[in-house]
Protein chains: 2
Amino acid sequence: MRKLLLADDHELVRETIAEFLRLQGGFCVVSANSLDSALATLDKEGPVDLVLLDYAMPGMDALTGLATMKARAGCPVAILTGTAPPDVARRALRAGAAGFLPKTLAPQSLVAAVRHMLSGETYMPLDFLTKIEPDDGRINLTPREKDVLLGISEGKSNKEIARDLDIQEVTVKLHLKTLSRKLGAKNRTHAAMLARDMGLT
Amino acid sequence: MRKLLLADDHELVRETIAEFLRLQGGFCVVSANSLDSALATLDKEGPVDLVLLDYAMPGMDALTGLATMKARAGCPVAILTGTAPPDVARRALRAGAAGFLPKTLAPQSLVAAVRHMLSGETYMPLDFLTKIEPDDGRINLTPREKDVLLGISEGKSNKEIARDLDIQEVTVKLHLKTLSRKLGAKNRTHAAMLARDMGLT
DNA sequence: TATCCCCCTATGCAATTGGATAGGGGGAGG
DNA sequence: CCTCCCCCTATCCAATTGCATAGGGGGATA
């Protein structure tokens, strides 16, 4: 029988999902309430076939928890989340998650998703697939635009960036405007977040 | 002889530091130009006593690379960086790094730092030590501040956030000001980046 | 009760940001 | 040569942000 490890700090949510996966999916499910205890459970209970990790949970610290678990578990690791921002999904998948499961997912879909991932595939809800495409197409910023974007994402003001790059402040604004258009960003903060969502950190 | 793994994508920098550590430190140094190749090198060359990772390098993706390496290497892992923002240093240490080495470090200090970390200690340049204390304790934002921070990190304007939360724009500014102080952010963009670096996404 | 914290609001001002318009100079390629 | 693209600069203006000051109301707690 396929064995799953489910880690979520909400007792109720965790046990509900675990029980559901046992009854409806016929899986063997072990659970944990934090990243650390999940790792400990792995040591104790032996290897599993799939790990489901709550995105917001003690020890997760954004996606570093995913990386840790992936390195330790040696099996697909999926991210489970209550709030479902599409950009988190993107980052999770890029960071090597086997899938991204919003808790709003229909129960039957949950079982299907788990089976899907157990067979080695990557799972992602349809809603997100469409929202990913647009950013799929190649975005190419000019070197200068990357310089500016880097400065922005370090929280610098235009003035500071201008000084660092030894250009005028207006020019920084110019680059910011064009790169924001390319990225589809509403403002500098949005641009910075999008930059981090891609590899441009 | 103590064995080090040095990963940096800048050929020149990497080899210079490696050679220096060999000659001045008497270490055995193996090197790699990306996180993946560093992990591959570990498999091939066997375990090492200390890993030095460039912070901005293919595959690092902020601190997830650190987590991956830590889980795999089973030895202290330090972060190496050219640009040295103190907040990165803090996060690196909190994420379990054995040390934080700015490339501007005096060569002799570099050897000392490496020896320090080999003995299991944590290394960090003096400049940063002072700046760490204040944020040392857990940062706790009030619920409202988190709401605002969330909006900020979605690139929304104060006006939009105010509408979403059904409060006045001034109040949004107020929360932004206080949460920025708590996080040590210079402005909204900086706050957004810090927010994403922690779990508060 | 007194005190503290959180939340909210208001006014006003300085600084920054965002955006439009209008250029010049240089390099690459048809 | 002409065109396109990138980079740079300038001026001007509207909008937003950042910051300070000065409150009121409610809930928790000592």
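Just so it is clear: chains get the letters A, B, ... in the order the sequence lines come, proteins before strands, and each one is counted from 1. Values reported hereafter were calculated over all heavy atoms of this structure, with side chains retained and with hydrogens, waters and symmetry mates removed.
- The backbone N or O of B/V29 sits less than 3.5 Å from a side-chain atom of B/R22, completing a donor-acceptor pair.
- Between the C1' atom of C/dC6 and the CG atom of B/L141 lies a distance of 13 Å, rounded to the nearest Å.
- Residue-to-nucleotide proximity on DNA chain D shows that, of B/L176 and A/E145, the 5′-proximal contact is made by A/E145.
- Within the structure, every side-chain polar atom (N or O) of B/S157 is placed at least 4.0 Å from both OP1 and OP2 of D/dA15.
- Checking the phosphate oxygens (OP1, OP2) of C/dG18, no side-chain nitrogen or oxygen of A/S180 falls inside 4.0 Å.
- If you measure from atom CG of A/D166 to atom P of D/dC8, you get 10 Å, rounded to the nearest angstrom.
- A straight line from NZ of A/K186 to P of C/dG19 spans 12 Å, rounded to a whole angstrom.
- Side-chain atoms of B/E145 come within 3.5 Å of backbone atoms of B/T142 as a donor-acceptor pair (strictly under, hydrogens ignored).
- Following rounding to the nearest Å, B/H175 (NE2) and C/dC7 (C1') show an atom-to-atom distance of 6 Å.
- Listed for the A/D8 side chain is no donor-acceptor partner under 3.5 Å among the backbone atoms of A/L53.
- The CG-P distance, from A/N187 to D/dT17, rounds to 7 Å in whole Å.
- Of the two residues contacting DNA chain C, namely B/I167 and A/T189, the nearest-nucleotide position lying further toward the 5' end is that of B/I167.
- In this structure, B/T171 reaches the bases: a heavy-atom distance under 4.0 Å links it to at least one base atom across the strands shown.
- Nearest-nucleotide assignment on DNA chain C puts the 5′-proximal partner with B/V170, out of B/V170 and A/K159.
- Considering only the side chain of B/N158, D/dT17 comes nearest among C/dG18, D/dC7, D/dT17.
- Judged by distance alone, the side chain of B/E154 and the main-chain N or O of B/G151 form no donor-acceptor pair under 3.5 Å.
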Footprint string (nucleotides 21-30 of chain C, 5' to 3'): B base within contact, S backbone only, - free, heavy atoms under 4.0 Å: B---------
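- For D/dT17, one of the phosphate oxygens OP1 or OP2 lies less than 4.0 angstrom from a side-chain nitrogen or oxygen of B/R188.
- We find that CD1 of A/I152 is positioned 10 Å from C1' of C/dT17, with the value rounded to whole Å.
- At least one donor-acceptor pair closer than 3.5 Å links the side chain of B/D49 to the backbone N or O of B/K3.
- Between the B/E160 side chain and the B/S157 main chain, a donor and an acceptor come within less than 3.5 Å of each other.
- The backbone N or O of A/G25 lies less than 3.5 Å from a partner atom in the side chain of A/R115, making a donor-acceptor pair.
- A/E160 places its CD atom 14 Å from the C1' atom of C/dT17, with the value rounded to the nearest Å.
- Nucleotide D/dC19 holds its P atom 11 Å from the NZ atom of B/K173, rounded to whole Å.
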